[in-house]
Asker: 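This is the structure I have questions about; it appears just below.
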Amino acid sequence: MSGAVISLNAAAATRLPTALVVDGVAHSYGAGHVLRKVDLRVAKGEIVALLGPSGCGKTTLLKLIAGLIAPSEGRLDIAGRCVADAASGRFTAPEKRGLGMVFQDYALWPHLSVLRNVSFPLEMRGVAREEWRRRAQRALERVGLADYGPRNPGSMSGGQQQRVSIARAIVAEPSLVLFDEPLSNLDRDLRDTLATEIAALIRDLGLSAVYVTHDQGEAFALADRVAVMREGRIEQIAAPERLVADPASPAVCEFLHLGTLVRAERRPDGYVLPEAGLTLAADLGAARPGPGRLLMRRDAVSAGPDARGMLRGRIVACVFRGDHYVLTVRVGADPSPGADILVVTRQRGRAGETVPLDVDVNRLRFFEDGPGTSLQTEEVP
């Protein structure tokens, strides 16, 4: 598997037919709501990642798409065909949905050879022996395992076993492939490599995919759009670069670690930080004044000898991250932990040291309290 990740332009995506439509889908276990009226569109040839912490509902949504559970509300269409509708009771079994699926634990049969593991979906459909052997061998070639057909899966590394699982998922060239945290058992370097290869393979075959992960880097590496999920809802869905540049809510900022969120009040002449006892001067013009939370992006705050000293703060902690340091700096005349700001720098800092800080007010993002922080989605019709 090889190739580069190519981002699908959102405008172009809207012109493509849909591979998946999730319309108002909800799911409950007793009185507990796991999913709350989720809407999602996946265009043909598009990869959408479901990203979020444990318990946010992403795996439940994947199970609903796969047909492993039925929705309490709403409807799902795959390749233009209704596969589940809570209102009418319609429900199509998983094996009849035309899906491929890749699991976290590989789910390979130890008593079958690699080739027979890959060919299993074709054999279950009654494909002739010579045909399934040819197609299974071709799938193994596509994942870089052309010579592994006779092997036993148990004799292979974790990365190789996951490649076998991917080959099995694509062998029938389904309209939609589902990935359930497939790389979480692998080490970081291999995960990065396989994420890029999976994306290239899906695009090469012209398939569509829904990819569940809790790993931001993984999602950004392979997906055209990323749906950040929280408490059973999609908080925001957009291209990775838009999520970073234009987060829809404080929850998205926190999950993506975009910077420091502090309590603030917006005024025409700047932002007041009550917990730090200071004001960041800025010409905010006609912006509506009021309380909220201010995102201080990591690239908006700089520290060190070249800083002009718009603010001064005391270093509380310094953590080395391989090629940079992350300083926790407490700012203000009478600072409290609520006034801590994370600052990325190339220079080590010592706890207790006072440092000057520069803040690019044009790169700050303010979220109003209340309706101003409502959910935002960017959907494919």
Asker: Could you tell me whether the side chain of Q236 and the main chain of L243 form a donor-acceptor pair under 3.5 Å?
Answerer: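 Side chain of Q236 to backbone of L243: no pair is present.
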Asker: Tell me every residue that passes salt bridge (Lys or Arg N to Asp or Glu O under 4.0 Å) with E73, counting only those two or more places apart in sequence or in another chain.
Answerer: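 For E73 the salt bridge (Lys or Arg N to Asp or Glu O under 4.0 Å) partners, ignoring immediate neighbours, are K37.
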Asker: Taking all non-hydrogen atoms of both residues into account, name the closest pair between S175 and A79 and its distance.
Answerer: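 So the minimum-distance heavy-atom pair works out to OG-CB, 4.0 Å.
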Asker: May I ask you to test the T196-L222 pair for a side-chain heavy-atom distance under 4.5 Å?
Answerer: no
Asker: Show every donor-acceptor pair shorter than 3.5 Å between a side-chain atom in residues 348-357 and any protein atom, with sequence neighbours excluded, or say none if there are none.
Answerer:
unit_1, atom_1, unit_2, atom_2, d
E353, OE1, R350, N, 3.1

Asker: So L122 and V171, do their side chains get closer than 4.5 Å, heavy atoms only?
Answerer: yes
Asker: Rounded to the nearest 0.5 Å, how far apart are CZ of R298 and OG1 of T345?
Answerer: 12.5 Å
Asker: CZ of R41 to CG of L20: how many Å apart, nearest 0.5 Å?
Answerer: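 Answer for the CZ-CG pair, R41 versus L20, is 9.0 Å.
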Asker: Mind checking salt bridge (Lys or Arg N to Asp or Glu O under 4.0 Å) for R188 and listing every partner two or more places apart, or none if nothing turns up?
Answerer: D192, D215
Asker: For the atom pair CD1 (I166) and CD1 (I170), what is the distance rounded to the nearest 0.5 Å?
Answerer: 8.0 Å
Asker: At their closest point, which heavy atom of L186 faces which heavy atom of G159, and how far apart are they?
Answerer: CD2-N, 3.7 Å
Asker: With a cut-off of 6.0 Å (strictly less than), are more than 12 heavy atoms of other residues, nucleotides or ligands near CG of D283?
Answerer: no
Asker: Can a donor-acceptor pair be found, under 3.5 Å and without considering hydrogens, that links the side chain of D77 to the backbone of G80?
Answerer: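 Absent.
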Asker: Taking salt bridge (Lys or Arg N to Asp or Glu O under 4.0 Å) as the test, write out the residues that go with D180, two or more places apart.
Answerer: none
Asker: Any idea which heavy atoms bring V25 and P71 closest together, and the distance?
Answerer: CG1-CB, 4.1 Å
Asker: Can you tell me which residue pairs pass the side-chain hydrogen bond (donor to acceptor under 3.5 Å, both in side chains) test with a partner in residues 115-127, sequence neighbours excluded?
Answerer: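 Every pair satisfying side-chain hydrogen bond (donor to acceptor under 3.5 Å, both in side chains) with a residue in residues 115-127: R116-E123, S119-E123.
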Asker: Output yes when a side-chain donor or acceptor of Q162 lies under 3.5 Å from a complementary backbone atom of L183, and no otherwise.
Answerer: no
Asker: Between E131 and R134, is there a side-chain N and carboxylate O pair less than 4.0 Å apart?
Answerer: yes
Asker: Please identify each residue that fulfils salt bridge (Lys or Arg N to Asp or Glu O under 4.0 Å) with D299, with sequence neighbours left out.
Answerer: R363
Asker: Taking the side chain as every heavy atom from C-beta outward, state whether L201 and V143 have any atom pair closer than 4.5 Å.
Answerer: yes
Asker: Check whether V272 and L294 end up in the same hydrophobic cluster, where Ile, Leu, Val, Met, Phe, Trp and Tyr are linked by side-chain heavy atoms less than 4.5 Å apart.
Answerer: no
Asker: Using atom types as modelled and distance alone, determine if a side-chain donor or acceptor of R365 lies under 3.5 Å from a backbone N or O of P247.
Answerer: yes
Asker: Measuring from Q161:CD to S155:OG, what's the distance to the nearest 0.5 Å?
Answerer: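 Those atoms lie 8.0 Å apart.
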Asker: Counting only N and O atoms by type, is there a donor-acceptor contact under 3.5 Å from the side chain of R297 to the main-chain atoms of A245?
Answerer: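 Yes, the answer is positive, given that a donor and an acceptor are paired below the 3.5 Å cut-off.
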Asker: When you look at L99 and L178, which way does the side chain to side chain contact (heavy atoms under 4.5 Å, CB included) test go after all the steps?
Answerer: CA-CA 7 Å; L99 300 171; L178 308 179; 4.0 Å; yes
Asker: Atom CD1 in I237, atom CZ in R242: separation rounded to 0.5 Å?
Answerer: 10.5 Å
Asker: So do the side chains of L311 and V359 get within less than 4.5 Å of each other, counting heavy atoms only?
Answerer: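 Counting from C-beta outward, L311 and V359 do come under 4.5 Å.
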Asker: Side chain to side chain contact (heavy atoms under 4.5 Å, CB included), that's the test. Do L115 and Y148 meet it? Break it down for me.
Answerer: CA-CA 8 Å; L115 185 70; Y148 285 74; over 6 Å; no
Asker: Side-chain donor-acceptor contacts of residues 254-262 below 3.5 Å, not counting sequence neighbours, with atom names and distances?
Answerer:
unit_1, atom_1, unit_2, atom_2, d
E254, OE2, R293, NH2, 3.0
T260, OG1, L342, N, 2.9

Asker: Kindly work out whether a path of hydrophobic side-chain contacts (I/L/V/M/F/W/Y, heavy atoms less than 4.5 Å apart) joins V316 to V331.
Answerer: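 No.
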Asker: Run the side chain to side chain donor-acceptor pair (under 3.5 Å) check on E46 and S208 step by step: do they pass?
Answerer: CA-CA 5 Å; E46 184 185 23; S208 311; over 6 Å; no
Asker: Taking ring pair (Phe, Tyr, Trp, His ring centres under 6.0 Å) as the definition, give me every residue that meets it alongside F366, ordered by chain and number, with sequence neighbours left out.
Answerer: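 By the ring pair (Phe, Tyr, Trp, His ring centres under 6.0 Å) rule, F366 matches Y271.
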Asker: Side chain to side chain contact (heavy atoms under 4.5 Å, CB included) with R163: which of E197, R142, M156, R168?
Answerer: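 When E197, R142, M156, R168 are each tested with R163, the side chain to side chain contact (heavy atoms under 4.5 Å, CB included) holds only for E197.
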Asker: Can you confirm whether the side chains of T213 and E181 place a donor and an acceptor under 3.5 Å from each other?
Answerer: no
Asker: Charged N to carboxylate O under 4.0 angstrom, D340 versus R330?
Answerer: yes
Asker: What pairs of residues pass the side-chain hydrogen bond (donor to acceptor under 3.5 Å, both in side chains) test when at least one of them lies in residues 56-71, not counting sequence neighbours?
Answerer: none
Asker: Hydrophobic cluster mates of Y325, side-chain heavy atoms under 4.5 angstrom, ILVMFWY only, any path?
Answerer: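 Traced through the cluster, Y325 reaches F320.
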Asker: Grab the two heavy atoms, one from A219 and one from A49, that are nearest each other, plus how far apart they are.
Answerer: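 Heavy atoms only, the tightest pair is CB-CB, 3.8 Å.
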Asker: Assigning hydrophobic clusters by single linkage (Ile, Leu, Val, Met, Phe, Trp, Tyr; side-chain heavy-atom cutoff under 4.5 Å), is Y29 placed with L35?
Answerer: yes
Asker: Indicate, with yes or no, if L61 and V21 share a hydrophobic cluster defined by side-chain heavy-atom contacts under 4.5 Å among Ile, Leu, Val, Met, Phe, Trp and Tyr.
Answerer: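 In one cluster: no.
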Asker: V102 and S165: which non-hydrogen atoms are nearest, and at how many Å?
Answerer: CG1-OG, 3.5 Å
Asker: Quick check: do Y211 and P182 have side-chain heavy atoms less than 4.5 Å from each other?
Answerer: yes
Asker: If you round to the nearest 0.5 Å, how far is CG of L50 from NE2 of H214?
Answerer: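 The NE2 atom of H214 sits 14.0 Å away from the CG atom of L50.
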Asker: Cluster partners of W109, using ILVMFWY side-chain heavy atoms under 4.5 angstrom, listed by chain and number?
Answerer: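 The other cluster members (ILVMFWY side chains, heavy atoms under 4.5 Å, direct or chained) are L112, F120, M124.
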Asker: Answer yes or no: is there a donor N or O on one side and an acceptor on the other, between the side chain of R346 and the main chain of D323, under 3.5 Å?
Answerer: yes
Asker: If a pair satisfies side-chain hydrogen bond (donor to acceptor under 3.5 Å, both in side chains) and one of its residues is in residues 86-103, list it, with sequence neighbours excluded.
Answerer: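 Listed once each, the pairs are D85-S88.
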Asker: Looking only at non-hydrogen atoms, find the nearest pair between A209 and I202 and report the distance.
Answerer: CB-CD1, 3.6 Å
Asker: Does I47 offer a backbone N or O that forms a donor-acceptor pair with the side chain of D224 under 3.5 Å?
Answerer: yes
Asker: Please determine whether a side-chain nitrogen of the Lys or Arg among E368 and R266 lies less than 4.0 Å from a carboxylate oxygen of the Asp or Glu.
Answerer: yes
Asker: Are any non-hydrogen side-chain atoms of F367 and L295 less than 4.5 angstrom apart?
Answerer: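 When only atoms from C-beta onward are counted, L295 and F367 do touch, with a gap below 4.5 Å.
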Asker: Determine, for D369 against R263, whether the closest basic-nitrogen to carboxylate-oxygen distance falls under 4.0 angstrom.
Answerer: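 Salt bridge flag = yes for R263 with D369.
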Asker: State whether the side chain of T193 and the backbone N or O of D189 hold a donor-acceptor pair below 3.5 Å, judged by distance alone.
Answerer: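 Answer holds: yes.
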Asker: Hey, is the main chain of S28 close enough, under 3.5 Å, to the side chain of S72 for a donor-acceptor pair?
Answerer: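 Side chain of S72 to backbone of S28, a donor-acceptor pair under 3.5 Å: yes, one is there.
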Asker: According to a 4.5 Å side-chain heavy-atom criterion applied to Ile, Leu, Val, Met, Phe, Trp and Tyr, with indirect links allowed, do V344 and I341 form part of one hydrophobic cluster?
Answerer: no
Asker: Taking C-beta and beyond as the side chain, do M296 and L280 meet within less than 4.5 Å on heavy atoms?
Answerer: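 SC-SC contact between M296 and L280 confirmed.
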Asker: For the residue pair M229 and L51, establish whether any side-chain heavy-atom pair is separated by less than 4.5 Å.
Answerer: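 M229 vs L51: side chains apart.
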